[in-house]
Amino acid sequence: MNANLRDGINFTSKLTLRRAGNMVKVIGSYLYSRLTRRPVHKGMPISISFEPTTSCNLRCPECPSGLRSFSRPTGMLEEGLFKKTIDELQDTLMYLLFYFQGEPYLHPQFLDLVQYASSKHIYTATSTNAHYLTEENARKTVESGLDRLIISIDGTTQATYQAYRVGGQLEKVIEGTKNVIKWKRQLRSKTPHVIFQFLVVKPNQHQINEVQKLAHELGVDEIGLKTAQIYDYEKGSDLIPTIDRYSRYVKQAGGSYKIKNKLLNHCWKMWHSCVITWDGKVVPCCFDKDGHHALGEVAKGSFKALWHGKAYQQFRSALLGSRAEIEMCKNCTEGTTVWA
């Protein structure tokens, strides 16, 4: 069976009547809100991202973790806080991504958290730089029930790879990938669905065919070509690809750059998902790296009350009114191509 089809079937298998009913509520609320310009919400999130840690072993140039540039503290997600939230959301939640900032495998109980969520029949995923996929961690990853493993591999030679993944070793990425695929076969497991994520930037854009070939040789299930977010894109960057389809930005007549998509006054993410930081703050989406728009804390009450609370409704209302006036939205991918 095709790997993508198998992954799709696995995801669909997580669907229950309550989760399906919740999806209908969320989609209906979103469409009604767009039509009326009023922030109506009747459901609960379909997906969430939980941040295991802000710590990272690499120093990628467009990442707050890599740059050590956070204004918020670095720390590790507490097991009790995580379980409390999952217990509340388990009946309606379909998709759980263990990632926001940082390297998830640096959390000492990371795979225990995955196993807990998997036991609730929630589709689980994570994104990693693969430097900690030792034989033991690879086996535990497969045994944890993780459904999707996204491995960042942004080059097929060490020189190209480290142009973005500063401090990283391509050899470790390939070794870690081999370890996971080996244990999938030994344990006769269909999961995790292994994806090579290739962040297309100018230094590596010539290696797209090579990374596709490498993925096939290693037995990776899928290759994803991702466009890169550049923070100070207006004046250009050495990372912006010259191949237009792989860039989120377009060069203007005067030499400056602008984001391709229009800032339309709606945002699907604000109706179907959210991000929870390692210390329990709920932020609107993955573009709020520093948590400037925290809308509540899961430790201080029920998630449901927070999700339907005044702060969330005010933020949704602001988006429907003028998304361009919210600073973090100005470099947002809503409406543009992320996966090329």
Gap separating the CD1 atom of I46 from the OG1 atom of T92, nearest 0.5 angstrom
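So the CD1 of I46 and the OG1 of T92 are separated by 9.5 Å.
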State the CG-CZ distance between N204 and R165, to the nearest 0.5 angstrom.
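These two atoms lie 10.0 Å from each other.
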[X] to [Y] - nearest heavy-atom pair and separation:
| X | Y | result |
| --- | --- | --- |
| V201 | A228 | CG1-CB, 3.9 Å |
| Y233 | I259 | CE1-N, 3.7 Å |
| I122 | Q90 | CD1-CA, 4.3 Å |
| P52 | P104 | CG-CB, 4.0 Å |

Indicate whether the side chain of [X] and that of [Y] have a donor and an acceptor atom separated by less than 3.5 Å.
| X | Y | answer |
| --- | --- | --- |
| T277 | E51 | no |
| R248 | T227 | yes |
| S55 | E103 | no |

Any ion pair linking [Y] and [X] (charged N to carboxylate O, less than 4.0 Å)?
| X | Y | answer |
| --- | --- | --- |
| D288 | K281 | no |
| K120 | D91 | no |
| R139 | E135 | no |

Result of checking W278, Y105, Y116 against F110 for ring pair (Phe, Tyr, Trp, His ring centres under 6.0 Å):
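Checked W278, Y105, Y116 against F110; only one passes ring pair (Phe, Tyr, Trp, His ring centres under 6.0 Å): Y105.
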Validation row, ring centre F98 to ring centre F82 under 6.0 Å
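Ring-ring flag for F98/F82: true, centres closer than 6.0 Å.
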Less than 4.5 Å apart, any side-chain heavy atom of K190 and any of N10?
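Sidechains of N10 and K190: no contact.
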Restricting to pairs with a member in residues 120-144, which pass ring-ring contact (aromatic ring centres under 6.0 Å, His included), not counting sequence neighbours?
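Those involving residues 120-144 are F11-Y123, Y95-Y123.
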Going by the angle between their ring planes, with limits at 30° and 60°, are Y30 and H266 parallel, tilted or perpendicular?
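Aromatic pair Y30/H266 classed perpendicular.
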